[in-house]
Amino acid sequence: MDNSPKRRAAADLWQGPIVKTALVDSFKKLDPRHLAKNPVMFVVEVGSLVTTWFWIAGLRGGDPETGFAGQITLWLWFTVLFANFAEAMAEGRGKAQADSLRKTKTETVAKRLVGGGKTEIVSAAELRKGDVVLAEAGDVIPADGEVVEGIASVDESAVTGESAPVIRESGGDRSSVTGGTKINSDWIKIRVTANPGEGFLDKMISLVEGAQRQKTPNEIALNILLAGLTLIFIVVLMSLQAFAIYSGGPVSVVTLVALLVCLIPTTIGGLLSAIGIAGIDRLMQSNVLAMSGRAVEAAGDVDCLLLDKTGTITLGNRMATEFIPAPGVTLEELALDAQLSSLSDETPEGRSIVVLAKRFVPKPTNIQDRGMIFVPFTAQTRLSGVNVGDVSIRKGAVDAVAGLVDRMPPELTAAVEKIARSGGTPLAVARDGRARGVIHLKDVVKGGIRRRFEQLRAMGIRTVMITGDNPLTAAAIAAESGVDDFLAQATPEKKLSLIRQEQSKGRLVAMVGDGTNDAPSLAQADVGVAMNTGTMAAKEAGNMVDLDSNPTKLIEIVEVGKQLLMTRGALTTFSVANDVSKYFAIIPAMFMGLFPEIAALNVMRLHSPHSAILASVIFNALIIVVLIPLALRGVKYRAWGAHAVLRYNALVYGVGGLIAPFIGIKLIDMLLVAAHLG
């Protein structure tokens, strides 16, 4: 059974244990020290305490309004609890992930290397940064580190959720190993890079704990705005009470508190924290570990993506796409020679040549019957091929093959130049000293990538392809894939310079990387996504780690960030529009007795002032519950620009927010009247 973080995150949110834990946490979060971080809900809790005091006082004094005060008090407490429940539900999945990850942290032993090549058995907790340990087949890697010697197959399913093992070896960009993973075969020596409690798995546990999430700058700004609106409404209510006293009809404190709670933005105030936590959780479902909520939010604001060509835009291997025969040579003859010279070539390019040749030479070639002697490729000759009896067939770089033939036909020379100009790679084929033709190898652009770039462009995001290819090849791939720009012959210095150049223009930049030479660029980028298979330096420099090590995940990350911002904007629009509609329910109910003329504003035709106020308070509490699934799931992602998203939010969530209270409050009022009469 796959118990990976990815599978656990994708599990049903409304599982019994998560809901039960969230219900308990809802009451724990009533602690004023916790709610003080959310100004809106803190005001609601204070208001609930005030109405509770007046309700208890009314019970003792026999106040006829005690029943009304009690119902208002009950629903105000429900409002706070529902908001706490939304936050607790968002945290629930992260806590479930953290608990599962803790189970993987079994106490392991390590084979620490000491002087003279000897080893000593110690507890993993005794290891310190700089220690070197030996891990052999069947061993659990005791700590995070870098492979300094050897090569091994490693099972990383406990971290990544993928059952296929990966290769870890010294040197290169695949030398990083994670504590808690297991050696399948061979052995490696590991230099420990983290002290106990500071490893990657420890970071994962703390980061997926939603309760430890820090507010992002935009969230802080929105909290300040909501606090400002709350303060304004407090002043407005004080003015209303003064006006009511002057008019000879003071309003009860319970009614004033109910009015305040209904008119301040309690809906978005109660869901704001849940939206942010759920955004990080959705990213975790994609197997991406965000080091902070700030990184997720920044991904939503990114307007420049730096994408590596190989593996991201192209399939990563050059593929044979065309055979161009020399004059006097048929296509079938060239295909046969190309196939024979590639039968022992196990590279992706060699296999693609054999596959392409089958279109023209459908009959399978029997190697044993022909008595073939294969000539392997070497860096010195830059040739490979086969000898079949007295026949010699060679395939390789054009200039290397040109040295074997009497003359290179001008038609082939022209074809070679054309292939080079298009960004492809030409390979020449010769048979017994005569040029037979050219094979066109090219980087194959991934299907659908152009459409993805068009969607990003529609959102105002500029895409830049980064490649080590020469400018001619880079330009051809860029044109075919549809990126906005490219950086050819890229070096670490050029990447860093490009990021700083884009940032100087006010753009937020995202990029992916896996090597130590990518670390400076990952650290400089606003969103730096490090591959889990990469070096420890890259993972420490980035603010996200892709556990699947899939470079194309960067586009998904941007979409999740965009979805987070869209969800926050949509629910803020709905909340503000809600408050506007509630004016027509509560204000007329409060002052119809003093000013009969204001009854014209009672467009809902609510039964009485008490039923109108109570119905508004109940609707205000229940709408939070109704919107919890949307806050946790997020609004549907749409590849639109900012203006289109704003227009859509205004039409759907703005108009919906205006209409919903009219329907909801009226229905609740009718139910209250029916219950009272019954």
Side-chain angles (χ1 to χ4, degrees), residues 29-54 72-73 75-84 86-87 214-247 250-276 568-591 613 616-617 619-621 623-624 627 631 653-654 657-658 661:
K29 291 176 181 291
L30 290 175
D31 185 342
R33 292 171 297 181
H34 173 80
L35 284 177
K37 301 173 184 177
N38 187 335
V40 176
M41 299 316 300
F42 180 73
V43 169
V44 177
E45 183 177 47
V46 172
S48 302
L49 291 170
V50 171
T51 59
T52 301
W53 188 86
F54 276 94
I72 292 292
T73 299
W75 283 100
L76 290 183
W77 281 114
F78 276 151
T79 302
V80 181
L81 287 171
F82 291 158
N84 289 346
E87 182 178 7
Q214 295 184 347
K215 287 183 172 63
T216 63
N218 282 352
E219 194 174 346
I220 292 173
L222 185 55
N223 264 316
I224 294 173
L225 174 62
L226 298 181
L229 290 174
T230 302
L231 182 60
I232 290 172
F233 278 115
I234 291 175
V235 174
V236 169
L237 285 184
M238 294 173 62
S239 302
L240 277 177
Q241 180 70 318
F243 178 74
I245 294 172
Y246 175 78
S247 301
V251 182
S252 70
V253 173
V254 172
T255 300
L256 282 175
V257 172
L259 176 62
L260 175 64
V261 171
C262 288
L263 296 187
I264 63 177
T266 50
T267 305
I268 185 62
L271 297 173
L272 186 59
S273 183
I275 293 170
R568 187 182 296 161
L571 293 184
T572 300
T573 303
F574 185 89
S575 178
V576 173
N578 247 290
D579 296 338
V580 173
S581 295
K582 292 172 195 170
Y583 284 104
F584 294 94
I586 299 182
I587 298 296
M590 289 178 58
F591 294 103
I613 294 170
S616 299
V617 172
F619 175 83
N620 195 63
I623 196 64
I624 294 177
L627 292 175
Y653 295 98
L658 286 170

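FYI, the numbering just counts along the sequence from 1. What you see is a predicted model, and the numbers here were worked out from it, not measured in a lab.
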Original post:
Which residues satisfy the side-chain contact (heavy atoms from CB on, under 4.5 Å) test with Ser581, sequence neighbours excluded?
Top reply: Leu658, Pro661, Phe662
Subject >> Side chain Ser273, main chain Glu87, donor-acceptor under 3.5 Å >> reply: no
Subject >> Distance-only donor-acceptor check, side chains Thr255 and Ser252, under 3.5 Å >> reply: yes
Original post:
Between atom CD1 of Ile268 and atom OG1 of Thr573, what is the distance when rounded to the nearest 0.5 Å?
Top reply: 9.0 Å
Subject >> Side chain Asn578, main chain Thr267, donor-acceptor under 3.5 Å >> reply: no
Per-pair distances, 0.1 Å, donor-acceptor, side chain in residues 224-240, under 3.5 Å, sequence neighbours excluded:
unit_1 : atom_1 : unit_2 : atom_2 : d
Thr230 : OG1    : Leu226 : O      : 2.8
Ser239 : OG     : Val235 : O      : 3.0

**OP:** Find out whether Thr73 and Ser48 are in side-chain contact, i.e. whether some heavy atom of one side chain is under 4.5 Å from a heavy atom of the other.
**Re:** no
Original post:
Can you name the closest pair of heavy atoms from Ala274 and Ala86 and give their distance?
Top reply: CB-O, 3.5 Å
Original post:
Is any side-chain heavy atom of Trp53 less than 4.5 Å from a side-chain heavy atom of Leu49?
Top reply: no
Original post:
Listed by chain and number, what are the side-chain contact (heavy atoms from CB on, under 4.5 Å) partners of Leu30, not counting sequence neighbours?
Top reply: Phe27, Glu45, Trp77, Val80, Leu81, Asn84
Original post:
Between Leu272 and Asn38, is any pair of side-chain heavy atoms under 4.5 Å apart?
Top reply: no
Original post:
Are side-chain heavy atoms of Lys582 and Phe619 found at a separation under 4.5 Å?
Top reply: yes
Original post:
Can Val257 and Phe54 be said to form a side chain to side chain contact (heavy atoms under 4.5 Å, CB included), step by step?
Top reply: CA-CA 11 Å; Val257 172; Phe54 276 94; over 6 Å; no
**OP:** Measure the shortest side-chain to side-chain distance between Ile275 and Leu571 over non-hydrogen atoms and say whether it is less than 4.5 angstrom.
**Re:** yes
Original post:
Is there side-chain contact between Ile72 and Ile613, with at least one heavy-atom pair below 4.5 Å?
Top reply: yes
Subject >> Any side-chain heavy-atom pair of Asp31 and Leu35 under 4.5 Å >> reply: no
Original post:
Do you know which two heavy atoms are closest between Ala258 and Val617, and how far apart they sit?
Top reply: CB-CG2, 3.7 Å
**OP:** Please examine the side chains of Leu260 and Leu256, heavy atoms only from C-beta on, and report whether any two atoms are closer than 4.5 Å.
**Re:** no
Original post:
What residues, two or more places apart in sequence or in another chain, satisfy side-chain contact (heavy atoms from CB on, under 4.5 Å) together with Ile624?
Top reply: Thr79, Phe82, Leu271
Subject >> Sequence neighbours excluded - salt bridge (charged side-chain N to carboxylate O under 4.0 Å, His left out) pairs with any residue from residues 253-267 >> reply: none
Subject >> Ser616: side chain to side chain donor-acceptor pair (under 3.5 Å) partners, not counting sequence neighbours >> reply: none
